[in-house]
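The structure appears right after this line, and notes come after that.
What's counted below: heavy atoms across the whole structure, side chains too, no hydrogens, waters or symmetry copies. Chain naming here is simple, since letters A, B, ... match the order of the sequence lines and numbering starts at 1 in each.
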Number of protein chains: 2
Amino acid sequence: MQTCISLYGINKRDMFSKACEYGIRASIFIATNSSKGIRVGIKDVAKEIDSPEPFTAKIMQILTKNGIIHSAKGVGGGFEVSNEAVKTIKLIQIVDAIDGDKIYRGCGIGLKECSEAHPCPVHFEFKKIRGLLHEMLSKTTLEQLASGVKKGDFFLKTLNLE
Amino acid sequence: MQTCISLYGINKRDMFSKACEYGIRASIFIATNSSKGIRVGIKDVAKEIDSPEPFTAKIMQILTKNGIIHSAKGVGGGFEVSNEAVKTIKLIQIVDAIDGDKIYRGCGIGLKECSEAHPCPVHFEFKKIRGLLHEMLSKTTLEQLASGVKKGDFFLKTLNLE
DNA sequence: GCAATAAAAGACAAATTTATCTTTAATTAA
DNA sequence: TTAATTAAAGATAAATTTGTCTTTTATTGC
């Protein structure tokens with residue numbers, strides 16, 4: 001008979017949604033190719049970032065509508081990020097477009113109204129974390145991330161997929 | 001005709017799952033009462049933290065199984081946290097039991113393997129955020145949170161629930 | 001023991017997120 | 001102008017998370 005300690009995570013929750021994770025990885029991959037003047041198709045994207053193709057296509061549509069990436073139909077078409085855009089696009093724009101801003105603005109324990117005047121019990125500690133997250137997302141450009149991948153310092157998928 | 005900038009969040013995502021938010025709020029509420037020697041029933045809990053009663057009951061079961069709160073059936077029964085437990089139980093135990101540890105351990109953009117040796121593009125920046133989150137969750141005790149609520153410094157629900 | 005109380009457990013349903021498939025529209029090249 | 005290519009759009013399906021309801025089990029007071 002055991003006292004039953006720790007059943008571990010009924011939910012297996014990441015910081016960002018799957019859609020957002022794919023969106024970030026895809027944007028970076030597209031950016032690395034755009035700098036070489038190469039447009040990439042949805043097949044390449046899904047293959048390179050190890051994501052389900054049709055779902056990834058949907059996310060590409062959202063990113064395109066939000067002006068984060070550009071798409072071209074037809075022969076030789078595909079996705080790209082302009083040389084100017086890659087410098088100005090920030091990670092936060094991708095997150096906002098897919099997961100919204102609650103992760104770095106909302107209350108940690110879900111209160112609709114949570115402020116200095118009416119704080120939840122974790123408000124002041126969470127403020128620091130949200131602040132750091134917000135700062136990081138606002139500062140990081142697609143170019144920074146893409147250049148690291150191009151140099152081979154960073155990776156967009158695991159080598160041995162299980 | 002408009003260029004269509006920012007559709008905003010196809011997902012509306014919080015830092016923690018609803019289940020986890022309810023679990024934290026409920027635990028704090030129970031703790032504030034236990035310190036006064038009062039057991040609270042599921043009805044009181046749901047009412048006080050403004051959550052759906054049956055769903056909250058499920059979460060209470062998880063917290064009970066994980067030894068975070070204690071439950072007593074029958075007349076005069078309900079939920080409580082012992083005076084010793086309230087001092088030792090950390091926020092991280094509630095998060096682990098419900099959302100698991102990926103939020104403060106997993107890769108920010110969903111790589112199965114992401115480490116110093118094989119880092120994703122946001123690895124080093126995310127490490128700081130995850131670290132701060134982990135530190136905060138590990139340090140914060142139920143007692144700290146409950147005492148703030150008892151003193152009236154912190155709140156577990158909004159005043160005007162539209 | 002019996003009734004009342006209250007949580008546990010299990011089955012089920014709704015909503016959201018993730019994933020897939022098919023059809024349509026746009027573009028290019030011949 | 002036609003065929004090939006490629007993303008967009010729309011419909012649908014599966015999985016997960018959230019939420020509800022009913023039945024069972026344990027405890028208390030009488």
Please list, for nucleotides 26-30 of chain C, all pairs of protein and nucleotide N/O atoms separated by less than 3.5 Å.
| from | atom 1 | to | atom 2 | distance (Å) |
| --- | --- | --- | --- | --- |
| C/dA26 | O4' | A/K73 | NZ | 3.4 |

- Between C/dT18 and A/K12, is there an OP1 or OP2 to side-chain N/O distance shorter than 4.0 Å? no
Would you indicate, yes or no, if C/dA8 has its OP1 or OP2 atom less than 4.0 angstrom from a side-chain nitrogen or oxygen of B/S71? yes
In whole angstrom, what separates [X]'s [atom1] from [N]'s [atom2]?
| X | N | atom1 | atom2 | result |
| --- | --- | --- | --- | --- |
| A/F55 | D/dA8 | CZ | C1' | 16 Å |
| B/K43 | C/dA8 | NZ | P | 14 Å |
| B/K58 | C/dA8 | NZ | P | 10 Å |
| B/D99 | D/dT16 | CG | C1' | 13 Å |
| B/K102 | D/dT17 | NZ | C1' | 14 Å |
| A/K47 | D/dT6 | NZ | P | 14 Å |
| A/I98 | C/dT16 | CD1 | C1' | 16 Å |
| A/I62 | D/dA7 | CD1 | C1' | 14 Å |

Students often get this wrong, so: under 4.0 angstrom with heavy atoms, is B/P52 touching a base, only sugar-phosphate, or nothing? sugar-phosphate
Taking the six-membered ring for Trp, are B/F126 and A/F16 closer than 6.0 Å centroid to centroid? yes
| said: Is there a path of hydrophobic side-chain contacts, each under 4.5 Å between heavy atoms, that joins A/V40 and A/F155? | reply: no
Cluster overlap A/I38 with A/V75, hydrophobic side-chain contacts below 4.5 Å | no
Check the angle between the aromatic planes of B/Y104 and B/H134 and answer parallel, tilted or perpendicular using the 30° and 60° thresholds. parallel
Is the A/Y22 ring parallel, tilted or perpendicular to the A/F55 ring (thresholds 30°, 60°)?
perpendicular
> Does the side chain of A/I28 reach to within under 4.5 Å of the side chain of A/I49, using non-hydrogen atoms?
Replying inline: no
Could you check if a side-chain atom of B/K43 sits within less than 4.5 angstrom of a side-chain atom of B/E53, using non-hydrogen atoms only? yes
For A/H70 and A/E80, does a side-chain donor sit closer than 3.5 Å to a side-chain acceptor? yes
- request: For the residue pair B/K150 and B/S35, confirm or rule out a side-chain donor-acceptor distance under 3.5 Å.
  value: yes
The correct set of residues in residues 13-35 of chain A placing a heavy atom under 4.0 Å from DNA chain D is none
Quiz item: So, does the side chain of B/Q61 form a donor-acceptor pair with the base of C/dA9 at under 3.5 Å?
Solution: yes
